[in-house]
Amino acid sequence: MAMSVKVDAVQAARGFRVTPASVALAVLLLITTILKFSVYAGQTLNIDEVWTGMIAGQRSLAGLIRQCEIEVNGPLSYVIAWLWAPFGGLSNAGLRLPSALFACATPFVALAPRRLMPPMARFVWAALLACWLPEFAFAELARCYALVALLATANTVAYARLLSRPSLAAAAVWSLISALLILDHYFAVILIGCQGFGYLALKRGRALRTWPAALIFIPALADIALKAATLSHFATPGVSWIDRLTLDDLPNLVAFLAGNLFLAAVIAVALAIGWFLDRRRSRPPEAYPPAEGRDALMTTAALAALAAAISIGLGFVFPILTSRYLTVEVPGLMLALALMAERFSRGWPVLPALIAGSAMSLVIGLAAHTDLVTQPAVTAFSFEPAAKALIADNPRRLVFFWDTPQAQGGDEDQLAQVGGFFFRRAGHPIPIDAVSGVHGADPNTVLLAKAAAPGTDILWMFDRDAEGTAAVDHPPDISRRDPRWSCRDFGEGDIGILACRRARA
């Protein structure tokens, strides 16, 4: 028995090889992991993160279910936040820790398919995912996107394995990961749909024999069906905060998918040179990886590109797409780059190192300018400083108005819980009078009337750039109309975060 263990240990040691590439990747992963916990740390919660905190703070399972039912986003991240809250708390760092862990884990998933991918392709794929700049922001964002990237990477691996060796077990794994991905972000339906049709078209009879795995999708599809009316309303022009795409938006989308527009150009040029040099060389027979595995990987990457193209095309027709919704396709697109880098490296051996090094250089630049870093997704619409200022005033009641077409006619109890989140977290719970819309009236008049009771403060948030915002037609004028009131705008530019208090008698 002891001899058997010793032999196994020797064989394992021989199978593990320390190479310059593996050492470089280990250093890169260590650096990026540290940065994902530090670069954007300490910034205030934005209103979307407050939504996460509000749902995570529900005191009962019934409350969680109700909030997930009326929320336009997928429930998975909210459920995880609710399960995590008793251990991690509702502080900014506590709410964001799961995202940081998901972001750090993503490149390690890319290293998993050892039998399916050659080592160099896996290393480049992991490096690109580790250095993808939006992920550094997502790591410190209490939202779904870091988990989207993690699940999408796992989905990419599972789908390539399914295409390589179709079986009921492989189909069940892919279906489970895909269903979770849909429950985390509904835009994943486009990618999963492309993969499903691709599987049926390529494997036909073998695919049909794995049909029981499709039953795993029932909860995800049922969830979408129950929210169909809500999702349709959200995509209505004049209600959605998202504009239809134009050609001017394409560079920003490319920059998001690649992490940076300059990096996209560098990678494109490097791959073009690698392709040219590879075409000029003589090609001996290739023994690794097997053709079936290579074809499965290429098909998986191609379907991710197709899904991204379909998503962008829909964004030109309907106001439904913003760049971060394309996170679902990023792992597949990064896989395509890694496969090309590995293939063309036969003609230009430095190509994988050049691509990984270019991505890492941007991360080093990000780390070198941490004093200049602000994350628009976090800071642009944050009412945390305004709430803290009002809490210091020790109010007895708050009138809360989120002046946006999205909130008009919304659930006032939900809005009240969002408006009172920081007050409850600070141990100062007060009644919140949430205003879901003014229906064409002057909000100055409406808010002053609702705040007539002594000890009542006002918090009015708006975005002048959003169509249908009442503050555009009726600019804030509370302190001029009633000199007893003093207001401070904690916003910037078109964003208004107006905190108003009346002089105490």
Side-chain angles (χ1 to χ4, degrees), residues 44-51 54 72 233-244 319 322 374 376-391 393 395 397-423 432-453 456-503:
T44 57
L45 295 183
N46 76 350
I47 191 167
D48 288 339
E49 293 181 285
V50 173
W51 228 274
M54 178 272 291
V72 71
H233 177 71
F234 176 79
T236 302
V239 174
S240 174
W241 60 271
I242 302 172
D243 295 324
R244 289 188 181 92
T322 189
T374 57
V378 170
T379 59
F381 220 137
S382 173
F383 69 95
E384 182 177 352
K388 287 181 177 179
L390 293 178
I391 291 170
D393 187 45
R397 184 168 165 270
L398 177 71
V399 175
F400 177 72
F401 180 33
W402 184 21
D403 184 3
T404 173
Q406 288 177 272
Q408 292 179 14
D411 187 282
E412 291 188 354
D413 176 67
Q414 186 184 53
L415 289 173
Q417 291 192 55
V418 169
F421 172 77
F422 292 111
F423 292 84
I432 308 294
D433 185 356
V435 180
S436 62
V438 294
H439 310 291
D442 185 344
N444 295 281
T445 303
V446 172
L447 298 179
L448 282 171
K450 286 182 173 291
T456 302
D457 288 350
I458 296 173
L459 183 57
W460 179 5
M461 303 189 307
F462 51 86
D463 181 359
R464 297 181 184 87
D465 192 45
E467 184 180 352
T469 299
V472 174
D473 295 327
H474 304 282
D477 198 24
I478 290 175
S479 57
R480 190 191 67 81
R481 296 190 183 198
D482 189 338
R484 294 175 300 172
W485 285 85
S486 60
C487 297
R488 178 183 172 187
D489 190 351
F490 287 82
E492 184 177 348
D494 289 329
I495 302 296
I497 312 287
L498 199 68
C500 300
R501 62 178 296 272
R502 183 169 44 196

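Start at 1 with the first residue, then count along the sequence.
- Around atom CZ of R488, no more than 12 heavy atoms belonging to other residues, nucleotides or ligands sit under 6.0 Å away.
- Closest approach of L459 to A386, counting heavy atoms only: CD1-CB, 3.9 Å.
- In this structure, the side chain of S479 does not engage the main chain of S486 through any donor-acceptor pair within 3.5 Å.
- Centroid-to-centroid, the aromatic rings of W485 and W460 stay 6.0 Å apart or farther.
- Within the 4.5 Å cutoff, the side chain of P443 has no heavy atoms near those of the F462 side chain.
- V438 is listed as a side-chain neighbour of F401, based on a closest heavy-atom distance under 4.5 Å.
- Side-chain atoms of R464 come within 3.5 Å of backbone atoms of G493 as a donor-acceptor pair (strictly under, hydrogens ignored).
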Between D442 and R481, does the side chain to side chain contact (heavy atoms under 4.5 Å, CB included) criterion hold? Intermediate values first, please. CA-CA 12 Å; D442 185 344; R481 296 190 183 198; 2.5 Å; yes
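- Side-chain N or O atoms of R502 include one that pairs as donor or acceptor with a backbone N or O of A452 at under 3.5 Å.
- Here the side chain of Q417 pairs no donor or acceptor atom with the backbone of Q414 at under 3.5 angstrom.
- Between L447 and V435 there is a side-chain heavy-atom pair separated by less than 4.5 Å.
- Atoms CD1 and OG1, on I47 and T404 in that order, are 8.5 Å from each other to the nearest 0.5 Å.
- If you take CE on M54 and CG on L415, they are separated by 8.5 Å, rounding to the nearest 0.5 Å.
- Rounding to the nearest 0.5 Å gives a distance of 8.0 Å between OG1 of T44 and CG of N46.
- Within the 4.5 Å cutoff, no side-chain heavy atoms of E384 are placed close to those of F490.
- Nearest heavy-atom pair, N444 versus P475, reported as atom, atom and distance to 0.1 Å: ND2-O, 3.0 Å.
- In terms of heavy-atom proximity, V50 sits nearest to V418 at CG1-O, 3.7 Å.
- Panel note: side chain D403, backbone A471; a donor-acceptor pair is recorded below 3.5 Å.
- Residues I497 and F381 have side chains in contact (heavy-atom distance under 4.5 Å, counting atoms from C-beta outward).
- Screening residues 465-495 for disulfide bond (SG atoms under 2.5 Å apart), with sequence neighbours left out, gives C487-C500.
- Among residues two or more places apart in sequence or in another chain, the ring-ring contact (aromatic ring centres under 6.0 Å, His included) test is passed with F421 by none.
- For F400 and F383, the ring centers are positioned less than 6.0 Å apart.
- Not a single donor-acceptor pair under 3.5 Å links the side chain of D393 to the backbone N or O of P395.
- Expressed to the nearest 0.5 Å, how far CG of L498 lies from CG of D489 amounts to 5.5 Å.
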Run the numbers on F422 and L390 for side chain to side chain contact (heavy atoms under 4.5 Å, CB included), then give the verdict. CA-CA 10 Å; F422 292 111; L390 293 178; over 6 Å; no
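- Between L448 and I478 there is a side-chain heavy-atom pair separated by less than 4.5 Å.
- T456 contributes no side-chain N or O that, together with a main-chain N or O of R397, makes up a donor-acceptor pair within less than 3.5 Å.
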